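Starting from 1, each residue takes its place in the sequence as its number. Note that this is a predicted model, so its numbers are computed, not measured. Computed over heavy atoms, backbone and side chain alike; hydrogens, waters and symmetry mates excluded.
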Amino acid sequence: MGERKGRIIQILCIILSVAMIGVIVYMVYVDRQSSQAQTDSLASLIEEAKPYEAEVQELQSELTSLKSSVSYTSEEARLMVGFAVTDVSDLSYIEEKADAYGLFPVIVLDCTLDTETIEEILEEMDASWEIMLYATDFSEETNASVLSVMSLLESSKREYVDVFFLRGDYSSDANIQLLIDDGFVGYTSYNSDTPQAGQTEDGFVYFDYSWLTSSGTSVASRVSAFYKNKASMIVTFDMESINSGKLTETYVVSTLDGLLEYTENDDCFFATAADVVAELSMINEYLAEQQEENEARAAEIEDRISELQQIIRGIYDKME
């Protein structure tokens, strides 16, 4: 009897164990099915959200680009060629070079020359040539000579470039204010590393220069840098140095040949100072318009990103 009872208990234990194993297997199966269903559902939602998330990524990239894209880049490098005259006899030499190289010569006129010499130069020079005023050591004292020449030009009905040829380290705040008070809209500026041209925040324009007074002065590297940067620069030959032989004719010709080669290769082109000033004077206006357009576009992007993020959240909310 006891033996039979023991067998029954054994059988019941086996049945119970099998049943428990069955329950466990079923629970694992159900759990796996549920997990697979969730995985499949999540995969489906991820696929549904993918195009919206991709658009958000593209828009965020555009937004980042917009915030750093407000800048001015000239499409072409502009080269001006100037001659610092000392006497009316210099004009025939300048005319010869202008004809030979297709230049738009800029007469860099030293305002400290005596009035009679300046009057002779103005009377004899080609009316189409531009005049750019200059003083060797521009200061409050020499500014009186500048104002005198400006008055002489106005009475002679001769126009001059509104950019003052400022050499050396004379661009102090006080001197710049003098130029502003005189009515100039800009000045030349020498940048030792890379030739530059542009417009300051207060609207004053500037462009680079090279001043040639002796043979061997390297201008090729500066010209190369200026055209690569699509900047503007005036290369000026000092006629006093040419007349004294310090700046040899061989060197002048080789320099002009090199400049002409740059223009023939379309690396830059000979330009009038007036055209350069006109272009540089529009930089701040251009930047302001670009900034306004970018801000409007940025607002559109931010609105769209917010809209897309709401759509994405709605998609993933379906998992809850």
Query raised in the report: With sequence neighbours left out, what residues match Thr248 under side-chain hydrogen bond (donor to acceptor under 3.5 Å, both in side chains)?
Result: Ser215

Query raised in the report: Looking only at side chains, do Asp173 and Gln177 share a donor and an acceptor under 3.5 Å apart?
Result: no

Query raised in the report: Under the 3.5 angstrom rule, does the side chain of Asn143 hit a backbone N or O of Ser139 as a donor-acceptor pair?
Result: no

Query raised in the report: What ring pair (Phe, Tyr, Trp, His ring centres under 6.0 Å) pairs are there with at least one residue in residues 80-112, not counting sequence neighbours?
Result: Phe83-Phe237

Query raised in the report: Got a sec, which residues hit salt bridge (Lys or Arg N to Asp or Glu O under 4.0 Å) with Glu55, two or more places apart in sequence or on another chain?
Result: Arg304

Query - Reference residue Thr188; test side-chain contact (heavy atoms from CB on, under 4.5 Å); the match among Val108, Thr236, Leu166 - result: Leu166

Query raised in the report: Listed by chain and number, what are the salt bridge (Lys or Arg N to Asp or Glu O under 4.0 Å) partners of Glu62, not counting sequence neighbours?
Result: Arg297

**Report entry** Ser254: partners by side-chain contact (heavy atoms from CB on, under 4.5 Å), with sequence neighbours left out
**Finding:** Tyr251

Report task. Indicate yes or no: does Lys246 engage Asp238 in a salt bridge with an N to O separation below 4.0 Å. Result -> no

Query raised in the report: Side chain of Asp162, backbone of Gly183: donor and acceptor closer than 3.5 Å?
Result: no

Query raised in the report: Are the side chain of Arg158 and the backbone of Leu122 linked by a donor-acceptor contact shorter than 3.5 Å?
Result: yes

Query raised in the report: Would a distance-only check, ignoring hydrogens and angles, find a side-chain to backbone donor-acceptor pair under 3.5 Å from Ser281 to Val277?
Result: yes

Query raised in the report: Sequence neighbours excluded, which residues qualify as salt bridge (Lys or Arg N to Asp or Glu O under 4.0 Å) partners of Asp90?
Result: none

Report task. Applying salt bridge (Lys or Arg N to Asp or Glu O under 4.0 Å), name anything that partners Glu249, two or more places apart in sequence or on another chain. Result -> Lys97

Report summary line: In short, Ala271 meets Met80 closest at the heavy-atom pair O-CG, 3.5 Å

Query raised in the report: Could you give all pairs that pass the salt bridge (Lys or Arg N to Asp or Glu O under 4.0 Å) test and reach residues 127-139, with sequence neighbours left out?
Result: none

Query raised in the report: Can you tell me if Asp267 uses its side chain to pair, donor with acceptor, with the backbone of Thr263 under 3.5 Å?
Result: no

Query - Spacing of Leu91 atom CG and Ile107 atom CD1 [to the nearest 0.5 Å] - result: 6.0 Å

Query raised in the report: Tell me, which pairs form a ring pair (Phe, Tyr, Trp, His ring centres under 6.0 Å) where one or both residues lie in residues 180-201, sequence neighbours left out?
Result: Phe164-Phe184, Tyr187-Phe204, Tyr190-Tyr209

Query raised in the report: Are the charged groups of Lys230 and Glu76 less than 4.0 angstrom apart, N to O?
Result: no

Requested in this report: Go through the steps for Phe226 and Cys268 under the test side-chain contact (heavy atoms from CB on, under 4.5 Å), then give the verdict.
Outcome: CA-CA 9 Å; Phe226 114 84; Cys268 63; 3.9 Å; yes

Report task. Look at the side chain of Ser156 and the backbone N and O of Leu152, then say whether any donor-acceptor pair between them is shorter than 3.5 Å. Result -> yes

Requested in this report: Kindly write out the residues that satisfy ring-ring contact (aromatic ring centres under 6.0 Å, His included) with Phe270, not counting sequence neighbours, or none if the list is empty.
Outcome: none

Query raised in the report: Is Asn229 reaching over with its side chain to a backbone N or O of Ala231, donor-acceptor style, under 3.5 angstrom?
Result: no

Query raised in the report: Does one hydrophobic cluster hold both Val253 and Met239, with members joined at side-chain heavy-atom distances below 4.5 Å?
Result: yes

Report summary line: Sorted by chain and residue number, the side-chain contact (heavy atoms from CB on, under 4.5 Å) partners of Glu95 (sequence neighbours excluded) come out as Asp99, Trp129

Query raised in the report: What heavy-atom pair brings Thr117 and Thr86 nearest, and what distance separates the two atoms?
Result: CG2-O, 3.6 Å

Query raised in the report: Does the side chain of Ser306 pick up a donor-acceptor pair with the side chain of Asp303 at under 3.5 Å?
Result: no

Query raised in the report: What residues form a side-chain contact (heavy atoms from CB on, under 4.5 Å) with Thr136, not counting sequence neighbours?
Result: Asp110, Tyr134

Query raised in the report: If only atom types and distance count, is the side chain of Asp208 paired as donor or acceptor with the main-chain N or O of Met233 below 3.5 Å?
Result: no

Requested in this report: Quick one: do Ile234 and Phe207 satisfy side-chain contact (heavy atoms from CB on, under 4.5 Å)? Show the steps, please.
Outcome: CA-CA 8 Å; Ile234 181 169; Phe207 51 78; 3.8 Å; yes

